[in-house]
Protein chains: 2
Amino acid sequence: MMKISQLAAHSGLSAHTLRFYEKSGLIEASQRTGSGYRRYSEEDIRRVEFVKTARDAGFSLDEIAQLLSIRLDRDQHTCEDVTSITRHKLEAVNEKIAQLTEIRESLELLLESCDGGLDSAVHCSIIEALEAGAAKTTHPNEDQATKEATL
Amino acid sequence: MMKISQLAAHSGLSAHTLRFYEKSGLIEASQRTGSGYRRYSEEDIRRVEFVKTARDAGFSLDEIAQLLSIRLDRDQHTCEDVTSITRHKLEAVNEKIAQLTEIRESLELLLESCDGGLDSAVHCSIIEALEAGAAKTTHPNEDQATKEATL
DNA sequence: ATAAACCTTAGAGTTATATCAAAGGTCAAG
DNA sequence: CTTGACCTTTGATATAACTCTAAGGTTTAT
Ligand SMILES: [Zn+2]
Ligand SMILES: [Zn+2]
Ligand SMILES: [Zn+2]
Ligand SMILES: [Zn+2]
């Protein structure tokens with residue numbers, strides 16, 4: 001039976017976070033000492049580890065709650081239930097990556113246009129591009145650049 | 001001289017958001033009518049467009065504030081000031097993408113292990129992997145899998 | 001003149017995931 | 001017994017970028 005700070009050290013989650021997860025309904029300490037200290041059983045610890053692993057895998061606390069309810073009652077759920085959560089998460093992650101990749105393109109494009117030198121920014125092409133509303137466009141003349149590169 | 005709702009329609013930012021940006025110090029309406037309505041000048045509008053473009057390019061409001069102060073006082077700043085902000089942003093975006101890519105790997109790995117069928121989740125390999133603390137590892141035996149694939 | 005549409009402000013609420021503070025009770029070592 | 005480490009709870013704070021509400025004043029069109 002671990003105390004909260006032992007479980008914190010063991011699990012890599014802070015005692016604060018463990019209490020927060022408890023308040024969120026994800027975990028619990030199945031026993032308390034007479035004075036109210038949390039005591040975590042082996043099963044409690046396994047559950048905390050499950051939560052930690054799922055969090056590291058990228059699931060939100062909400063999604064972890066769903067996974068936990070499946071875990072607690074496996075024969076009332078199907079593998080489809082599990083993959084559904086996982087697939088939706090994967091889709092969301094892919095969408096986020098796609099957005100960030102567009103942003104990366106914008107930023108690279110801006111950086112390509114400015115030498116970053118120590119002269120005054122009076123004619124800085126990045127500032128100018130942002131004024132021209134041109135940051136979101138795809139690489140200008142990427143075809144032409146390719147042509148030029150192959151010349 | 002535009003009113004706020006006209007500028008909202010023109011800029012693609014809501015009137016709420018325009019007021020919020022004003023409170024945040026990013027923009028302003030250089031005039032008000034006698035009754036207090038905001039009136040945006042051409043210069044005000046250009047500034048709003050700058051903010052919108054920078055936001056679309058992925059800059060945070062804090063970063064936009066920095067860019068705006070450079071824009072307002074260009075000859076006191078260098079291109080290096082501008083690229084510094086942009087490079088740091090790009091680094092942060094790349095880091096975020098890397099994190100999400102790891103998460104994507106985890107999720108794909110989990111999905112590869114489970115058929116997602118309609119049978120009971122009693123032996124679901126995703127749940128088992130999360131219990132085994134195995135979600136963060138790289139593809140198991142990716143080398144071996146490659147070997148097998150080439151067999 | 002009246003109704004619809006538009007504007008104002010201050011301030012609260014949202015989302016997700018913690019993280020900390022205050023005020024106090026408990027436990028182990030010396 | 002005292003000191004210091006550890007534990008408890010409730011509730012506040014933080015982040016980013018909005019989003020909305022309440023309560024009321026203004027403009028415009030018919
Ligand atoms: Zn490029
Ligand atoms: Zn420049
Ligand atoms: Zn894979
Ligand atoms: Zn399964």
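Atom set for the values below is all heavy atoms of this structure, side chains included, hydrogens, waters and symmetry mates excluded. Letters A, B, ... are given to chains in the order of the sequence lines, protein chains preceding strands, and every chain is numbered from 1.
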**Message:** If only side-chain N and O atoms count, and only distance matters, is there a donor-acceptor pair under 3.5 Å linking S41(B) with D44(B)?
**Reply:** yes
**Message:** From the set dT8(C), dT19(C), dG25(C), return the single nucleotide nearest to any side-chain atom of Y37(A).
**Reply:** dG25(C)
**Request:** Would you kindly give the CZ-to-C1' distance between F20(B) and dT9(C), to the nearest whole Å?
**Result:** 16 Å
**Message:** Could you report the tightest heavy-atom contact between L67(A) and V82(A), atom names first, then the distance?
**Reply:** CD2-CG1, 4.3 Å
**Asked** Using a heavy-atom cut-off of 4.0 Å to chain A, what are the terminal contacting nucleotides of DNA chain D, in 5' to 3' order?
**Response** dC6(D) to dT9(D)
**Prompt:** Knowing that exactly one of M2(A), R32(A), K3(A) qualifies, which makes a side-chain contact (heavy atoms from CB on, under 4.5 Å) with R39(A)?
**Reply:** K3(A)
**Asked** Once you round it to whole Å, what is the distance between C1' of dC6(C) and CG of L18(B)?
**Response** 15 Å
**Message:** Over all strands shown, is R55(A) touching base, sugar-phosphate only, or nothing at heavy-atom distances under 4.0 angstrom?
**Reply:** sugar-phosphate
**Prompt:** Nearest nucleotide by nearest heavy atom, which residue falls closer to the 5' end of DNA chain D, S60(B) or T33(B)?
**Reply:** S60(B)
**Item:** From dC7(C), dC20(C), dT9(C), nucleotide with atom closest to K3(B) side chain
**Value:** dC7(C)
Side chains of residues 116-126 of chain A: which donor-acceptor pairs under 3.5 Å do they make with residues two or more places apart or in other chains?
unit_1  : atom_1 : unit_2  : atom_2 : d
S120(A) : OG     : V122(A) : N      : 3.0
S125(A) : OG     : S113(A) : O      : 2.5
S125(A) : OG     : S113(A) : OG     : 3.1

**Prompt:** Ion pair present between E43(B) and R46(B), side-chain N to carboxylate O less than 4.0 angstrom?
**Reply:** yes
**Item:** Along DNA chain C (nearest heavy atom to each residue), the more 5'-positioned of G36(B) and G34(A)
**Value:** G36(B)
**Request:** Examine dC7(C): is either OP1 or OP2 under 4.0 Å from a nitrogen or oxygen in the side chain of R38(B)? Give yes or no.
**Result:** no
**Fill in**
Heavy-atom closest pair (L100(A) atom, V93(B) atom, distance to 0.1 Å) is O-CG1, 3.6 Å
**Fill in**
Atom CD of E28(B) and atom P of dT8(C) are separated, to the nearest Å, by 14 Å
**Asked** Taking CZ from R39(B) and C1' from dC7(C), how many angstroms apart are they, rounded to a whole number?
**Response** 11 Å
**Request:** Let me know the distance between NZ of K52(A) and P of dT17(C), rounded to the nearest Å.
**Result:** 15 Å
**Message:** Can you tell me which nucleotide in dT9(C), dC6(C), dC27(C) comes closest to the side chain of R19(B)?
**Reply:** dT9(C)
**Prompt:** 5'-most contact on DNA chain D: H16(B) or F59(B), nearest heavy atom basis?
**Reply:** F59(B)
**Asked** In whole Å, what is the span from the CG atom of D62(A) to the C1' atom of dT14(C)?
**Response** 14 Å
**R32(B) vs dT9(C): side-chain N/O to OP1/OP2 distance below 4.0 Å** = yes
**Item:** Atom-to-atom span, CD1 of I4(A) to P of dC27(C) - whole angstrom
**Value:** 16 Å
Show me, pair by pair, the donor-acceptor contacts under 3.5 angstrom made by side chains of residues 8-17 of chain B, not counting sequence neighbours?
unit_1 : atom_1 : unit_2 : atom_2 : d
H10(B) : NE2    : E49(B) : OE2    : 2.7
S11(B) : OG     : L7(B)  : O      : 2.8
S11(B) : OG     : L13(B) : N      : 3.1
S14(B) : OG     : H16(B) : N      : 3.4
S14(B) : OG     : T17(B) : N      : 2.9
S14(B) : OG     : T17(B) : OG1    : 2.9

**Interatomic distance where NZ belongs to K23(A) and P belongs to dA16(C) [whole Å]** = 16 Å
